Amino acid sequence: MKFGLCVSFLTLISAVTVPCATAQSTQSQEGTIVSVQNRDVATPPVRAGADTVRTPLQSHYYVYNASVRLNCEVYDGRYESELGDLPDSLAANNRVPVRISKNLMYLDFPGYTVKMRIVHHKISRETTCEQTALRK
């Protein structure tokens with residue numbers, strides 16, 4: 001009885017601590033926002049020239065595509081929201097702490113973290129990055 005209780009207790013503790021440990025992302029590094037594009041998407045689309053009285057109801061959401069340079073790598077991230085709620089500091093040439101975790105990128109703004117899905121990743125071909133790679 002005591003042995004079974006101890007095993008159950010240890011199983012419960014390990015089930016709680018392991019997911020918490022794996023959910024933590026990497027340490028943040030300073031990145032530079034290269035570009036930001038946003039668009040208002042309406043679904044379903046309405047064809048041009050349609051009668052405005054007979055068009056279906058549409059839902060709107062916002063898609064943000066942001067490119068962030070982190071060292072010599074550029075990450076393209078996508079964020080979708082029903083609200084246009086991203087901070088004004090999400091603009092080109094701004095510096096922001098960035099954390100990369102698998103296929104996600106976290107931009108840590110003061111009081112707000114933007115979680116973006118990484119849709120593309122490439123190594124920058126700028127001269128400063130090539131010089132750094134040659135030194136290594």
Side-chain angles (χ1 to χ4, degrees):
M1 175 76 176
K2 287 182 182 181
F3 178 74
L5 184 62
C6 287
V7 170
S8 299
F9 182 73
L10 290 175
T11 304
L12 178 66
I13 289 176
S14 64
V16 171
T17 57
V18 171
C20 290
T22 58
Q24 296 174 354
S25 63
T26 60
Q27 189 173 358
S28 66
Q29 298 177 357
E30 193 74 18
T32 303
I33 299 172
V34 177
S35 67
V36 177
Q37 300 166 345
N38 62 344
R39 60 189 170 112
D40 181 3
V41 179
T43 58
V46 176
R47 65 181 169 79
D51 183 11
T52 55
V53 176
R54 301 189 66 196
T55 58
L57 292 176
Q58 292 182 312
S59 65
H60 289 268
Y61 65 96
Y62 299 90
V63 176
Y64 296 88
N65 293 315
S67 296
V68 177
R69 183 182 311 112
L70 187 62
N71 299 324
C72 288
E73 299 177 81
V74 177
Y75 294 90
D76 295 331
R78 178 166 294 144
Y79 176 78
E80 296 180 7
S81 173
E82 289 78 25
L83 308 170
D85 60 348
L86 287 182
D88 293 335
S89 51
L90 182 67
N93 300 321
N94 283 351
R95 299 192 57 78
V96 62
V98 178
R99 293 178 288 137
I100 303 294
S101 175
K102 294 189 181 183
N103 62 342
L104 297 174
M105 172 172 55
Y106 299 89
L107 305 178
D108 295 323
F109 295 102
Y112 192 75
T113 298
V114 177
K115 178 179 160 183
M116 303 183 102
R117 183 174 46 92
I118 297 174
V119 294
H120 190 257
H121 168 240
K122 62 185 173 190
I123 297 183
S124 179
R125 299 291 179 210
E126 293 182 6
T127 56
T128 56
C129 289
E130 289 176 2
Q131 292 171 354
T132 304
L134 290 174
R135 280 188 236 144
K136 290 182 179 180

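In this text, all values refer to a predicted model and were calculated from it rather than measured experimentally.
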Not counting sequence neighbours, list each pair that qualifies as a salt bridge (charged side-chain N to carboxylate O under 4.0 Å, His left out) and has a residue in residues 26-36.
Glu30-Arg95
To the nearest 0.5 Å, what is the distance between OG (Ser101) and NZ (Lys115)?
9.0 Å
For residues 27-76, which residue pairs qualify under ring pair (Phe, Tyr, Trp, His ring centres under 6.0 Å), counting only residues two or more places apart or in two chains?
Tyr75-His121
Those residues at least two apart in sequence (or on a different chain) that pass ring-ring contact (aromatic ring centres under 6.0 Å, His included) with His120 are none
Gap between atom CE of Met116 and atom CG of Leu104 - 0.5 Å precision
11.0 Å
Asp108: which residues meet the side chain to side chain donor-acceptor pair (under 3.5 Å) condition with it, sequence neighbours left out?
Arg99, Thr113
Sequence neighbours left out, what passes side chain to side chain donor-acceptor pair (under 3.5 Å) with Ser89? Give chain and number order.
none
Applying side-chain contact (heavy atoms from CB on, under 4.5 Å) to Val34 and Thr32, what does each step give before you reach the verdict?
CA-CA 6 Å; Val34 177; Thr32 303; 5.6 Å; no
4.5 Å side-chain heavy-atom contact, Val96 and Val114
no
In terms of hydrophobic clusters joined by side-chain contacts under 4.5 Å, are Tyr79 and Val68 together?
yes
Taken in chain and number order and not counting sequence neighbours, the residues that satisfy side-chain contact (heavy atoms from CB on, under 4.5 Å) with Val36 are Ile33, Ala66, Leu90
Residues at least two apart in sequence or cross-chain that pass side chain to side chain donor-acceptor pair (under 3.5 Å) with Ser28, listed by chain then number, are none
Out of curiosity, does Leu107 fall in the hydrophobic cluster containing Tyr112 (side-chain heavy atoms, cut-off under 4.5 Å, transitive links)?
yes
Can you sort out the partners of Arg78 under side chain to side chain donor-acceptor pair (under 3.5 Å), two or more places apart, ordered by chain and number?
Asn65
For residues 30-57, the ring pair (Phe, Tyr, Trp, His ring centres under 6.0 Å) pairs (sequence neighbours left out) are none
Below 4.5 Å, heavy atoms only, C-beta onward: do Val98 and Gln29 meet side chain to side chain?
no
Step through the shown structure and confirm whether more than 12 heavy atoms of other residues, nucleotides or ligands are within 6.0 Å of CG on Asp40.
yes
